[in-house]
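Let me begin by presenting the structure, written as structure tokens, before commenting on it.
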Amino acid sequence: MTNERTLATEALKKIGEKVLLEGWVNTRRDHGKIIFIDLRDRSGIVQIVCGQEVKDLRPEDVVEVEGTVVERSKETVNPGLPTGTVEVKASNVKIINKAETPPFDVYGDGREIDESLRLKYRYLDLRR
């Protein structure tokens, strides 16, 4: 295992290798025994495959993931992501920091948010 951090987009070049990724939880999808995490860092997003040990993760939590990069099957390739042909099978997930729930969705268009709330949390609104 390398102690050197790998960026999400670098995972494409490391199929079959163990990697160390750090970033934010973009989304979490629970499919029973398997949980999929979209991990976001400064380079992009990569899918992480985990077990129930990450059931308490929420969007914007900061995590460190150790795992092996594997190719996705043809049926599960995500053409919408540059890293959509690979995923990381996590062997260890460490929570670095838990995030508070934002006062509004930072990924929407913002039309449904009250103007005074947008002004109060301007630093979040600018992320849109």
Looking at E87 and K89, does any basic side-chain N land under 4.0 Å from a carboxylate oxygen?
yes
Cluster check [X], [Y]: I/L/V/M/F/W/Y, side chain < 4.5 angstrom:
X	Y	result
V46	I15	yes
L7	L12	no
L21	I95	yes
I37	I34	no
I48	I45	no

[X] vs [Y] side-chain heavy atoms within contact, under 4.5 Å:
X	Y	result
L39	W24	no
R72	V86	no
P59	N26	no
D125	F104	yes
K94	E22	no
R29	D38	yes
E64	R5	no
V25	V63	yes

Spacing of [atom1] belonging to [X] relative to [atom2] belonging to [Y], to within rounding of 0.5 Å:
X	Y	atom1	atom2	answer
E4	L20	CD	CG	9.5 Å
F36	D30	CZ	CG	10.0 Å
D61	I96	CG	CD1	11.0 Å
K74	T85	NZ	OG1	12.5 Å
L124	I113	CG	CD1	9.5 Å

Do you know the tightest heavy-atom contact between [X] and [Y]?
X	Y	value
V65	A90	CG1-CB, 3.9 Å
T6	D41	O-OD2, 4.3 Å
A8	G44	CB-O, 3.8 Å
P103	L117	O-CD2, 4.1 Å
C50	V54	CB-CG2, 3.5 Å

When E60 is tested against each of R28, K98, R40 for salt bridge (Lys or Arg N to Asp or Glu O under 4.0 Å), which residue passes?
R40
Would you confirm whether T68, through its side chain, and K18, through its main-chain N or O, come within 3.5 Å as a donor-acceptor pair?
no
Can any side-chain N or O of S43 pair as donor or acceptor with the backbone N or O of T9 at less than 3.5 Å?
yes
Would you say R42 has more than 12 foreign heavy atoms packed within less than 6.0 Å of its CZ?
no
